[in-house]
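In each ligand, atom 1 is the first atom listed, and ligand 1 is the first ligand listed. Just so it is clear, the model here is predicted, and its values are computed rather than measured.
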Amino acid sequence: MKIVCVGRNYAEHAAELANPVPVEPLIFMKPDSALLHLDHPFVIPEWTDDCQYEVELIVRIERVARWVDPEFAHRCYAEVGLGIDFTARDVQRRLKAAGHPWERAKAFDGSAIRPEHWTALKELGGDVQNLDFQLEKNGEVVQSGNTSDMLFSVDELISHVSRICTLKTGDLLYTGTPAGVGPVASGDNLRGLLCGRPQFSLNVL
Ligand code: ZN
């Protein structure tokens, strides 16, 4: 499986990092080795001084998608969840300044958090563009979003990606983070909530 991620898909987050709003989806990937086993804590890599959380809605692809039009993209998924796209922000800044790819800052082991269980979209009301979510750090809400604020909808993203690379069953689409990203430190606990439902509880080493 592969993990496809979307950058700058919420206007307020693009602004907080002083990035322009994209005119087409900005996509990058993480390898399957980036997925953290949920029994394990998240270990901050020793080569970054600014490791940041980005809470994101994840869509689990459940059928092969290639050259899918947006109006048919909803057939490609039925389950969603919340996760984190961990980012070594200091490393990413250096790579961006040099015009280099981001993998060094985004694709490291443990950098992709997924929910403990996937939730049927139907159970959440069925509208993927109207889902509330929050990230709590040590019991305090640090990120709060609603998928209605996405610049590119889930269906547009799937259509776009499916014209570049085939999406396969089990692939994960991380749909971008709202404003409020910030650093993690050893001892932190991160908890994700999707429509009020607990998604993960993660300890940082
Ligand atoms: Zn992200």
Side-chain angles (χ1 to χ4, degrees), residues 1-36 42 44-45 48 50-61 80-96 100-115 128-129 131-137 141-154 156-158 160-161 164-165 167 171-184 188 190-194 199-200 202 204:
M1 56 80 72
K2 59 184 171 294
I3 301 168
V4 181
C5 304
V6 182
R8 302 175 200 167
N9 202 27
Y10 290 80
E12 285 179 17
H13 169 63
E16 74 178 344
L17 295 185
N19 289 315
V21 167
V23 293
E24 64 175 1
L26 173 60
I27 66 166
F28 58 94
M29 295 199 201
K30 294 176 188 262
D32 58 1
S33 49
L35 272 180
L36 185 72
F42 173 71
I44 300 173
T48 174
D50 189 13
C51 188
Q52 298 197 348
Y53 51 78
E54 296 186 358
V55 73
E56 312 200 356
L57 179 83
I58 308 171
V59 175
R60 188 180 176 277
I61 301 298
V80 296
L82 205 64
I84 297 178
D85 160 24
F86 275 112
T87 304
R89 195 71 70 200
D90 48 350
V91 176
Q92 187 194 30
R93 274 197 201 99
R94 287 201 293 275
L95 294 168
K96 276 165 65 179
H100 291 160
W102 294 357
E103 274 76 6
R104 187 78 176 74
K106 287 280 198 183
F108 55 89
D109 284 1
S111 64
I113 308 304
R114 64 180 164 193
V128 77
Q129 298 308 145
L131 302 174
D132 262 314
F133 57 96
Q134 282 89 31
L135 180 71
E136 293 177 356
K137 185 169 100 168
V141 176
V142 288
Q143 282 191 281
S144 186
N146 186 287
T147 56
S148 62
D149 292 324
M150 286 184 187
L151 295 172
F152 299 99
S153 69
V154 168
E156 287 170 331
L157 293 171
I158 287 174
H160 181 86
V161 173
I164 300 164
C165 58
L167 288 165
D171 287 352
L172 302 181
L173 178 67
Y174 282 60
T175 58
T177 194
V181 300
V184 287
D188 282 346
L190 296 173
R191 187 163 172 262
L193 293 165
L194 176 61
Q199 299 289 294
F200 56 81
L202 182 69
V204 179

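The number of protein N, O or S atoms lying under 2.8 Å from the Zn ion (ligand 1) is 3.
The salt bridge (charged side-chain N to carboxylate O under 4.0 Å, His left out) pairs that include a residue from residues 7-21 number zero, where partners must be two or more places apart or lie in different chains.
For Phe200, the ring-ring contact (aromatic ring centres under 6.0 Å, His included) test picks out no residue, with sequence neighbours left out. Applying the ring-ring contact (aromatic ring centres under 6.0 Å, His included) rule to Phe86 yields the partners Phe42; only residues at least two apart in sequence or on another chain are considered.
For the residue pair Gln134 / Asp132, no side-chain donor-acceptor distance below 3.5 Å is found, with atom types taken as modelled.
Ile58 and Arg114 make their closest contact through CD1-CA, 4.0 Å (heavy atoms, listed as atom of the first residue, atom of the second, distance).
Between Leu135 and the options Ile84, Val181, Leu193, a side chain to side chain contact (heavy atoms under 4.5 Å, CB included) holds for only Ile84.
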